[in-house]
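In what follows, a single structure is set out as structure tokens and then discussed.
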2 protein chains.
Amino acid sequence: MAEPKPRRPLADSTAVHDQVYDSIRQALITGKIAPGVGVSLRSLAAELGVSPMPVRDAVRRLVAERALAINPANKRLSVPSLSAERLEQLELARQWIEPELAARAAPRADEALVRKLKAIDQDLEEALRVGDVDRYMVANHAFHFAIYERAGAEVLLAMAGGLWLQIGPFMRVVFGRVGTGSLPADRHAQAMDALKVRDAEGARRAIAADLSEGMDKMRAAVEAGAGLTVAPTGQTVITVS
Amino acid sequence: MAEPKPRRPLADSTAVHDQVYDSIRQALITGKIAPGVGVSLRSLAAELGVSPMPVRDAVRRLVAERALAINPANKRLSVPSLSAERLEQLELARQWIEPELAARAAPRADEALVRKLKAIDQDLEEALRVGDVDRYMVANHAFHFAIYERAGAEVLLAMAGGLWLQIGPFMRVVFGRVGTGSLPADRHAQAMDALKVRDAEGARRAIAADLSEGMDKMRAAVEAGAGLTVAPTGQTVITVS
DNA sequence: GACCTTGCATTGTGATCGCAATTATCGACT
DNA sequence: AGTCGATAATTGCGATCACAATGCAAGGTC
């Protein structure tokens with residue numbers, strides 16, 4: 001315990017608990033932590049090479065954003081497993097807020113944004129080709145939020161971020177199962193075209209369609225019974241049947 | 001400092017940081033803490049008779065829910081002052097999510113719910129008569145969320161709760177200024193009537209109208225210049241002109 | 001008298017310790 | 001050999017301390 005503290009690099013500045021937050025958030029969005037598995041403050045702290053304190057702070061934020069769940073009896077932490085009802089509500093909320101953000105971003109779009117999106121989309125398609133699910137998840141997130149940030153709607157943006165955080169782990173499981181081959185990147189092309197000419201309604205429709213297709217996949221996976229069964233210990237086994 | 005620690009009663013069970021959270025949350029919703037004023041962990045801890053530690057946890061949650069803001073430079077805490085853009089986005093989000101919750105609650109409404117709402121509404125009107133703004137705020141919150149909880153939509157309910165938390169402090173300022181005399185409780189009657197016959201669309205319209213009128217007042221107050229001016233120290237003076 | 005500097009109080013952050021509760025592990029007994 | 005019970009380990013929660021940074025205020029200088 002008298003080690004010189006590895007202290008992982010982790011980006012650059014800001015407070016430690018913010019870096020821890022970003023680390024866990026990325027792990028959740030990209031699905032590096034499977035839904036249902038239990039985590040602990042000390043284990044996360046050890047893994048990140050920090051003291052339990054900043055982890056505790058980061059976990060509080062994530063619990064507040066419902067990206068982590070806390071067993072009311074145990075008081076133990078876990079990644080929430082997604083139920084059909086939860087999925088339905090998250091879908092509804094996303095279908096309302098994300099097209100709205102895209103529509104608001106359209107009038108404020110410029111050439112630089114479109115270029116950035118094009119770069120992200122190329123990376124995304126490359127990830128699809130080589131079947132790198134992690135990279136695809138990161139790129140897809142980057143694509144959507146590059147648009148949403150342009151809307152200049154802080155409150156709505158934060159809400160959208162929270163929704164992705166909640167749906168991220170499950171997306172990863174589904175996409176890892178059905179494969180990424182059939183994912184339609186053409187909706188992204190539609191969105192970029194609409195943004196190029198500052199067509200708000202076009203952007204709204206493109207994002208709505210993109211979401212709709214993605215969520216269809218997830219819903220189909222859930223209804224097909226590819227659910228998550230929670231073992232009595234709290235540990236979760238992902239049944240891909 | 002060697003005092004025997006007053007340790008405020010504070011509800012009943014659960015962890016200390018949850019009780020602290022509820023206390024601050026209530027204070028924000030009812031507007032006991034004015035927008036823009038700076039708070040500190042230690043001052044809140046002293047006021048609640050607890051150590052700074054659980055306050056720190058509670059504040060993390062509230063910051064994550066955007067009910068408290070943290071100055072990126074200072075890293076100091078404050079109640080966020082509401083801007084016109086923020087208000088517009090919060091209104092949009094509320095106008096979408098709260099009527100939706102009301103509509104979902106309608107088919108699940110029963111006599112007990114209507115009775116409960118009636119009791120709350122009577123208390124609300126009494127508060128209006130005597131001009132007790134705090135009591136009105138509490139009752140109004142209770143009325144809406146008694147309905148929303150019935151929707152059985154956990155995710156949407158949490159989102160609605162977050163929105164109230166963000167808009168609460170400002171509501172209080174506005175209502176405290178324009179007086180509560182002209183507030184239309186008849187929308188509540190409409191909502192109760194719709195719930196009584198399980199009329200989803202009626203409930204949706206009633207809540208939408210209720211929100212619309214309330215937000216109109218707030219928007220008018222903002223545009224009339226009854227804004228909040230932040231002093232250089234971070235302390236805020238409420239200009240009721 | 002106005003402005004700058006110096007000192008002190010307060011702030012958030014992180015670390016470490018102790019505690020009670022729960023869980024896991026292993027030994028003992030029937 | 002199987003089941004039960006006791007011990008040890010882990011977990012989250014709260015308290016306290018240390019520290020760097022910031023804010024505030026008093027006092028000094030021009």
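First the proteins, then the strands, lettered A, B, ... as listed; each starts at 1.
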Q. Is the side chain of Ser78(A) donor-acceptor paired with the backbone N or O of Pro80(A) at a distance under 3.5 Å, no angle test?
A. no
DNA chain C nearest-nucleotide lookup for Pro54(A) and Arg76(A): closer to the 5′ end is Pro54(A)
Between CE of Met53(B) and P of dG12(C) the distance, given in whole Å, is 13 Å
Ser51(B) has its side chain closest, among dG12(D), dG12(C), dT16(D), to dT16(D)
Rounded to whole Å, CG of Leu41(A) lies from P of dG14(D) at a distance of 12 Å
To the nearest 0.5 Å, atom CG of Asn140(B) lies from atom CG of Leu124(B) at 5.5 Å
- Query: For residues Trp164(B) and Glu98(B), is any side-chain donor paired with an opposing acceptor at under 3.5 Å?
  - Reply: yes
Here the distance between atom C1' of dG12(C) and atom CG of Leu44(B), to the nearest Å, is 13 Å
Out of dA15(D), dT13(C), dT10(D), minimum distance to the side chain of Arg60(B) belongs to dT13(C)
Nearest-nucleotide check on DNA chain C, Ala73(A) vs Arg42(A); residue mapping nearer the 5' end is Arg42(A)
Practice task
Please check the phosphate of dA21(D) (OP1 and OP2 only) for any side-chain N or O of Asn74(B) closer than 4.0 Å.
Solution key: no
Next on the checklist: I'd like to know whether the aromatic ring centres of His17(A) and Tyr21(A) sit less than 6.0 Å apart in this structure.
Outcome noted: no
Original post:
Base, sugar-phosphate alone, or nothing: which one does Val39(A) contact when heavy atoms must sit under 4.0 Å apart?
Top reply: sugar-phosphate
Taking dG14(C), dT16(C), dG14(D) as options, the one with an atom nearest any side-chain atom of Val16(A) is dG14(C)
Closest of dT10(C), dG12(D), dT13(C) to the Lys75(A) side chain is dG12(D)
Here the distance between atom C1' of dA21(C) and atom CG of Leu77(A), to the nearest Å, is 15 Å
Quiz item: Can you tell me if the side-chain N/O atoms of Ser40(B) get under 4.0 Å from OP1 or OP2 in dT10(C)?
Solution: no
Hits for salt bridge (charged side-chain N to carboxylate O under 4.0 Å, His left out) against Arg86(B), two or more places apart or cross-chain, chain-then-number order -> none
Query raised in the report: Can you find a donor-acceptor pair, distance only, under 3.5 Å between Arg56(A) side chain and dG14(D) base?
Result: yes
